[in-house]
Amino acid sequence: MAEQAVTAQSEDFSRWYNEIVYRADLAAPSPVRGCVIIKPYGYEIWEGIKAGLDRRFKATGHQNAYFPLFIPESYIRREAEHVEGFSPELAVVTHAGGKELEEPLVVRPTSETVIGEAFSDWIQSYRDLPLLINQWANVVRWELRTRPFLRTAEFLWQEGHTAHATHDEAEAETRQMLDIYAEFAEEDAAIPVIKGEKSRMERFAGALRTYTIEAMMRDKRALQSGTSHNLGQNFAKAFDIDYLSENNAQEYCWTTSWGLSTRMVGAVVMTHGDDKGLRLPPKLAPYQVVIVPIIRRDAQASAVMETVERLRAELAAAGIRVHVDRREGQSPGFKFNDWEMRGVPVRLEIGPKDVENDNAVLARRDIPGRAGKQFVPQARISDTVRELLADIQRSLLDEARAFRDEHIVDVAGYAQLQEVIEAGDWARAAWAGGDAHEQNIKDETGATIRCFPFEQPDQVGNCIVTGNSADKVALFAKAY
RNA sequence: CGGGGCGUGGCGCAGUCCGGUAGCGCGCGCGGUUUGGGUCCGCGAGGUCCUCGGUUCAAAUCCGGGCGCCCCGACCA
């Protein structure tokens, strides 16, 4: 048996990641540095993410719209912190139509500015509020070091932009959207996340407060998987987003923005994947079930295929995404390994013996080897599969949560934090330090404050660097 | 931007030191064989050897210029 599997995760995680992204057909290299081609199998995962989020956005009163890819350069400059945060990574169009443009156009790194400009026109009175808009779009940030899905020069995402009459309403919106991200991550992607607030240093350029969901990958590094910003009145003031209140007074709006990107595809890969490849959560898997026919040329091939087709139709009718692997050149063993690498949650084998006995072999991807294999009756196959899929969805989340919780350590002092970070774990520590302290920790350990979790202990204790009494704990980790 | 490396069929590489027929594995096509955990055999298609110039009877190979990419250090969904 020629073992031509991917590099083991345990051996070299980042190599494993790169290999699996290409081998599982999620993406392909692109001619442009820092960009990737998202292939159909990877794109379908993204479509699953889109569907899960879009449904939740609509359910909370948001509408989709689309704003231009190009932003006049002057817009970007209007919000002081925003320019500073984004200028190093902007791609700028200076020529078009064979001529130099009068004003260069920035390829959007995010759309607060153009959308803010539009909002200032759309909003006249308090009756126009709240304004709840989302767009699905591509954005460009000229990053130096890129990795497929995790950080690419161009990526796909959704960015929500809303305007409200009061700070509290904007804050409620910001938190609501973070909750939606967390719910989506756990329920659909089976990724447990920690909700919290970003430190001043990690805050979005131009925001009052930034909230985040942080997830732990299988190499124990943190991945910021979605963010929600309360922009205060910063953009409202820069773009004149104001309204006439009930008292006939001109007031600035309070705005928010929130985004989740194709990085989530990377999160799915790195949260659930194992040495054999991907393990996709059933709710996002392009194929939830793959049927592998076991056919002997000389024997009852047609009987096997008849059974396969009957079961396929039954599963499809039950709303299960099912695919029959009809490839003729490959042996069943090859197909088993191939689909395992590609993370299909359930494999259904049908061979001559199964036709004879009216049963089928079901193998679940999350439990490798014989332990995950069972003989089941063909009768009521869709119920059996549906239950199995639900169980896989649940156990992937449970497994990921147990793994994460095992690797978060409460630390009492800086020395212990260093040890914990050195070991690759996350450290939870009382914090009352400033930017300089935070920067220092980053320089010395490589870890950053991922967030101040919403969930705080009853007793916080003294800050691990200043020794002063602290009112909150922070979560430290090395991050992507 | 600083340090290291690499450009040779679709992918991964050898060949370069020592100039002389462009090769291997995977993949791809065809035929057969096999199929319940990565079958095997045969035949075949596919390459301006990154680029421009120089040396030479002769350059993937030697010399010079350019371009591109990858890896490691400061920013980021």
Side-chain angles (χ1 to χ4, degrees), chain A residues 1-6 14-15 18-19 22-23 28-34 84-90 108-111 137-147 149-160 181 198 201-205 210 212-215 222-229 257-267 276-277 292-299 301 304 325 327-341 347-357 359-361 363 368-370 372-373 375 439 442-443 446 448 479-480:
Chain A
M1 181 170 66
E3 190 63 37
Q4 46 185 330
V6 289
S14 70
R15 208 172 139 194
N18 280 320
E19 283 181 15
Y22 295 122
R23 300 263 316 261
S30 92
V32 181
R33 169 203 156 76
E84 204 189 323
F86 281 106
S87 346
E89 52 192 35
L90 295 180
R108 65 180 162 220
T110 179
S111 305
N138 57 338
V139 289
V140 167
R141 299 181 186 177
W142 218 253
E143 303 289 354
L144 301 172
R145 289 184 47 57
T146 60
R147 308 192 62 191
F149 296 113
L150 301 178
R151 186 174 303 106
T152 44
E154 177 189 11
F155 58 91
L156 305 181
W157 75 345
Q158 58 69 216
E159 46 179 324
Y181 288 156
K198 282 291 185 190
M201 284 184 72
E202 301 273 327
R203 193 183 292 157
F204 177 75
T210 288
T212 176
I213 51 171
E214 295 287 325
L223 187 73
Q224 177 176 313
S225 306
T227 49
S228 186
H229 316 291
S257 69
W258 25 277
L260 187 148
S261 72
T262 36
R263 170 179 270 193
M264 184 55 86
V265 176
K276 303 202 76 172
V292 178
I294 317 288
I295 294 173
R296 224 181 281 280
R297 179 163 299 183
D298 53 341
V304 169
D325 188 344
R327 286 178 292 178
E328 288 177 2
Q330 275 78 19
S331 67
F334 178 91
K335 292 176 179 178
F336 296 169
N337 285 285
D338 195 40
W339 292 112
E340 279 168 5
M341 182 191 65
R347 180 181 72 243
L348 189 59
E349 304 170 23
I350 298 288
K353 287 181 219 161
D354 305 305
V355 172
E356 236 171 81
N357 306 329
N359 60 22
V361 177
R370 297 208 83 77
K373 245 169 134 160
F375 289 89
Q439 184 61 46
K442 185 174 182 182
D443 294 342
T448 48
Y480 274 101

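Scope of the values below: all heavy atoms of this structure, side chains included, with no hydrogens, waters or symmetry mates. Every chain is numbered from 1, with letters handed out A, B, ... down the list of sequences.
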Item checked: Pair A:Trp258-A:Gln158, side-chain contact (heavy atoms from CB on, under 4.5 Å): steps then yes or no -> CA-CA 8 Å; A:Trp258 25 277; A:Gln158 58 69 216; 3.5 Å; yes
For [N], which nucleotide is its Watson-Crick or G-U wobble mate, given both distances must be under 3.5 Å?
N: B:C69; answer: B:G5
N: B:A74; answer: none
N: B:U35; answer: none
N: B:U56; answer: none
N: B:G23; answer: B:C13
N: B:G42; answer: B:C30

Ring-face cation contact, A:Phe336 with A:Arg347, 6.0 Å cut, 45° max
yes
Can you identify which nucleotide, out of [options], has its nearest atom closest to the [X] side chain?
X: A:Ile294; options: B:C75, B:G37, B:G36; value: B:G36
X: A:Val361; options: B:G36, B:C76, B:A77; value: B:G36
X: A:Ser331; options: B:G37, B:G36, B:C75; value: B:G36
X: A:Pro352; options: B:G36, B:A77, B:G37; value: B:G36
X: A:Arg141; options: B:G36, B:U39, B:A77; value: B:A77
X: A:Glu349; options: B:A77, B:C75, B:G36; value: B:G36

Value for CD (A:Gln224) from CG (A:Leu260), rounded to nearest 0.5 Å, stands at 10.0 Å
Using a 4.0 Å heavy-atom cut-off across all strands, classify [X] as base, sugar-phosphate, or nothing.
X: A:Leu150; answer: base
X: A:Pro332; answer: base
X: A:Gly259; answer: nothing
X: A:Thr210; answer: nothing
X: A:Arg347; answer: base

Using a cut-off of less than 4.0 Å, is there contact between a side-chain N or O of A:Lys335 and OP1 or OP2 of B:U39? no
Nearest-angstrom distance from the residue atom [atom1] of [X] to [atom2] of [N]:
X: A:Trp142; N: B:C1; atom1: CH2; atom2: P; result: 15 Å
X: A:Glu19; N: B:G12; atom1: CD; atom2: P; result: 12 Å
X: A:Glu143; N: B:A77; atom1: CD; atom2: P; result: 8 Å
X: A:Phe334; N: B:G36; atom1: CZ; atom2: P; result: 13 Å
X: A:Met201; N: B:C76; atom1: CE; atom2: P; result: 8 Å
X: A:Leu90; N: B:C76; atom1: CG; atom2: P; result: 13 Å
X: A:Met341; N: B:G37; atom1: CE; atom2: C1'; result: 15 Å
X: A:Asn337; N: B:U39; atom1: CG; atom2: P; result: 8 Å

Q) Is the number of heavy atoms from other residues, nucleotides or ligands within 6.0 Å of CD (A:Gln439) greater than 12? A) yes
Spacing of the [atom1] atoms in [M] and [N] (rounded, Å):
N: B:C41; M: B:U8; atom1: P; value: 29 Å
N: B:U34; M: B:C70; atom1: C1'; value: 41 Å
N: B:A59; M: B:C13; atom1: P; value: 28 Å
N: B:G42; M: B:C26; atom1: P; value: 12 Å
N: B:G54; M: B:C11; atom1: C1'; value: 34 Å
N: B:G20; M: B:C1; atom1: C1'; value: 45 Å
N: B:A14; M: B:C49; atom1: C1'; value: 13 Å
N: B:G32; M: B:U39; atom1: C1'; value: 13 Å

Nearest-nucleotide check on RNA chain B, A:Thr146 vs A:Gln224; residue mapping nearer the 5' end is A:Thr146
When A:Arg203 and A:Asp338 are each assigned the nearest nucleotide of RNA chain B, the 5'-most assignment goes to A:Asp338
Mark yes or no for a side-chain to base donor-acceptor pair under 3.5 Å between [X] and [N], with no hydrogen or angle criteria applied.
X: A:Arg370; N: B:G37; value: no
X: A:Glu340; N: B:G37; value: yes
X: A:Asp354; N: B:G36; value: yes
X: A:Lys373; N: B:G37; value: yes

Kindly say whether A:Leu156 contributes a backbone atom to a donor-acceptor pair with the side chain of A:Thr262 at under 3.5 angstrom? yes
_Checking the side chain of A:Arg263 only, and the main-chain atoms of A:Leu150 only, is there a donor and an acceptor separated by less than 3.5 Å?_
yes
Ring centroids of A:Phe155 and B:A77 base under 5.5 Å with planes under 30°: yes
Heavy-atom closest pair (A:Tyr181 atom, A:Thr227 atom, distance to 0.1 Å) is CE1-O, 3.5 Å
Which word best sums up how the rings of A:Phe204 and A:His229 line up, parallel for under 30°, tilted for 30 to 60°, or perpendicular for over 60°? parallel
